[in-house]
Amino acid sequence: MPTADQRELLLSGIRDVPDWPEPGIVFKDITPLLRNPAAFGAAVDLLAGIGDTGSGYDGLDAVVGIEARGFILGAPVAQRLGVGFVPVRKEGKLPSRTSSASYELEYGRETVEMHRDALSPGDTVLIVDDVLATGGTARATIDLVRGAGAQVAGVSVLMELGFLNGREKLRDVTLTALLSL
Ligand SMILES: O=P(O)(O)OC[C@H]1O[C@H](OP(=O)(O)OP(=O)(O)O)[C@H](O)[C@@H]1O
Ligand SMILES: Nc1ncnc2[nH]cnc12
């Protein structure tokens, strides 16, 4: 988990954009964080479990990242931990045979897909994304991973929007949110 200084660094890179993508939504924009190498690096290390209180997730076979912002964070986390990366994509983007799961978002409905041969039974993965809001995206991803016979070591997100209670949908996994907003 972040130290007080790391928390400030991460927070300084997250910008509120009111009424985007639709009226009433306050969008948490992480592009300033990505632009700042110190903040981006801290986010990657902390999502990988590397920090004051840990030396990184052990025993993983892959990191699963969720399109699109989960790719930006998840791929370097995989590299940091020395494992491969599995993309979970929005419907119709993956070229080979897929499994799919649908869910509701704060703003609309989505389907996510994963290649059927991306994971093997018995694999253990860490799921990475930027935001946990209603929890629908993470829930669907967990279900895809488990549907492949793999295990979820944890779900790590940069921030959790506590007022949306996404955590309630993820009671059966270890959820790590670097920030609760
Ligand atoms: O907890 P939930 O309510 O499911 O919401 C969280 C998801 O919403 C955002 O993705 P979005 O679908 O907006 O896609 P993007 O990363 O392509 O912008 C965010 O990156 C998470 O994946
Ligand atoms: N308010 C929000 N800001 C950024 N990403 C999100 N994903 C779902 N809700 C979001």
Side-chain angles (χ1 to χ4, degrees), residues 2 7 9-36 39-40 42-44 46-48 62-78 85-95 98-115 118-119 125-148 152-181:
R7 188 181 143 77
L9 182 62
L10 297 177
L11 280 172
S12 73
I14 300 169
R15 166 168 69 185
D16 281 0
V17 181
D19 298 320
W20 201 91
E22 57 186 50
I25 302 292
V26 178
F27 191 84
K28 300 290 184 184
D29 177 21
I30 64 163
T31 60
L33 180 146
L34 300 175
R35 184 69 177 82
N36 174 345
F40 191 6
V44 168
L46 289 162
L47 287 167
V63 170
V64 174
I66 309 169
E67 186 174 2
R69 286 169 270 153
F71 290 178
I72 302 170
L73 296 172
V77 169
F85 178 76
V86 173
V88 164
R89 297 207 65 177
K90 304 284 163 60
E91 193 172 22
K93 299 281 189 183
L94 286 169
T98 57
S99 304
S100 63
S102 299
Y103 57 96
E104 305 289 336
L105 269 176
E106 223 188 333
Y107 37 80
R109 189 173 171 77
E110 283 285 3
T111 298
V112 284
E113 298 182 335
M114 186 176 76
H115 271 149
L119 295 173
V125 308
L126 175 69
I127 297 172
V128 172
D129 206 353
D130 63 333
V131 176
L132 180 79
T134 66
T137 311
R139 180 73 257 164
T141 303
I142 293 163
D143 294 345
L144 285 177
V145 167
R146 289 189 177 155
V152 178
V155 175
S156 289
V157 297
L158 175 59
M159 78 193 97
E160 165 185 23
L161 306 184
F163 65 98
L164 290 169
N165 288 324
R167 200 171 261 278
E168 292 293 306
K169 290 200 182 80
L170 308 183
R171 286 206 186 141
D172 55 341
V173 292
T174 303
L175 171 66
T176 305
L178 303 184
L179 302 169
S180 283
L181 305 178

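Computed from a prediction, not measured in an experiment: that's the story for all the values here. Note that ligands are numbered from 1 as they come in the structure, with each ligand's atoms numbered from 1 the same way.
Side-chain contact between L46 and L10 is present, with heavy atoms from C-beta onward closer than 4.5 Å.
The protein heavy atom nearest to atom 13 (O) of ligand 1 is Y107 OH, 2.6 Å. Looking only at heavy atoms of the protein, atom 6 (C) of ligand 2 is closest to Y107 OH, 3.4 Å. Counting only heavy atoms of the protein, atom 2 (C) of ligand 2 lies nearest to E106 OE1, 3.6 Å. Looking only at protein heavy atoms, the nearest one to atom 17 (O) of ligand 1 is A68 N, 3.1 Å. Regarding atom 5 (N) of ligand 2, its nearest protein heavy-atom neighbour is R69 NH1, 3.0 Å. Looking only at protein heavy atoms, the nearest one to atom 7 (C) of ligand 1 is T137 OG1, 3.4 Å. Nearest protein heavy-atom neighbour of atom 22 (O) of ligand 1: D129 OD2, 2.5 Å. Ranking protein heavy atoms by distance to atom 5 (O) of ligand 1, first place goes to L105 CD2, 3.4 Å. In terms of protein heavy atoms, atom 12 (O) of ligand 1 is closest to K90 NZ, 3.2 Å.
Enclosure of atom CZ in R171 is not indicated, since only 12 or fewer non-hydrogen atoms of other residues, nucleotides or ligands lie within 6.0 angstrom. For K93, the NZ atom sits in a loose shell: 12 or fewer heavy atoms of surrounding residues, nucleotides or ligands are nearer than 6.0 Å.
Across the listed options R69, E104, R89, M159, R69 owns the non-hydrogen atom lying nearest to atom 18 (O) of ligand 1. Considering L158, V131, L164, L170 only, the shortest heavy-atom separation from atom 6 (C) of ligand 1 involves V131.
The aromatic rings of F27 and Y107 are tilted relative to each other, their planes meeting at an angle between 30° and 60°.
Atom CG of L170 and atom CD1 of I142 lie 4.5 Å apart (nearest 0.5 Å). Residue I72 holds its CD1 atom at 8.0 Å from CG of D130, rounded to the nearest 0.5 Å. Note: L73 CG to I66 CD1 = 11.0 Å, rounded to the nearest 0.5 Å. Note that CG of L105 is 4.5 Å distant from OG1 of T137, once rounded to the nearest 0.5 Å. Separating the CG atom in L161 from the CG atom in L132 is a distance of 7.5 Å, to the nearest 0.5 Å.
Ion pairing of D172 with R139 is present here, as a side-chain N (NZ or NE/NH1/NH2) and a carboxylate O approach within less than 4.0 Å.
For ligand 1, the polar-atom distance check finds an N/O of D130 within less than 3.5 Å of one of the ligand's N/O atoms. Residue-to-ligand polar distances place V26 within reach of ligand 2: an N/O pair is separated by less than 3.5 Å. Between E110 and ligand 1, no N or O atom pair is found at a separation short of 3.5 Å. Note: an N/O pair closer than 3.5 Å links A133 and ligand 1 by distance alone. Residue G135 has at least one nitrogen or oxygen atom sitting less than 3.5 Å from a nitrogen or oxygen atom of ligand 1, judged on distance alone.
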Under 3.5 Å, side-chain donor or acceptor atoms of residues 174-181 against the rest of the protein: list the pairs with distances, not counting sequence neighbours.
unit_1, atom_1, unit_2, atom_2, d
S180, OG, E160, OE1, 3.0

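Only the side chain of L161 comes within 4.0 Å of ligand 2, counting heavy atoms alone; its backbone N, CA, C and O stay farther away.
Among residues two or more places apart in sequence or in another chain, the side chain to side chain donor-acceptor pair (under 3.5 Å) test is passed with R89 by E67.
Counting the atoms of ligand 2 from 1 in the order shown, those under 4.0 Å from a heavy atom of A133 are 8 (C), 9 (N). Close approach to K28 involves these atoms of ligand 2, each under 4.0 Å from a residue heavy atom: 2 (C), 3 (N), 4 (C). Atom numbering of ligand 1 starts at 1 in the shown order; those under 4.0 Å from a heavy atom of T134 are 1 (O), 2 (P), 3 (O), 4 (O).
Heavy atoms of L105 stay at 4.0 angstrom or farther from ligand 2.
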Item to check | Y103/V112 under side-chain contact (heavy atoms from CB on, under 4.5 Å): CA gap, chis, key distance, verdict | outcome: CA-CA 8 Å; Y103 57 96; V112 284; 3.5 Å; yes

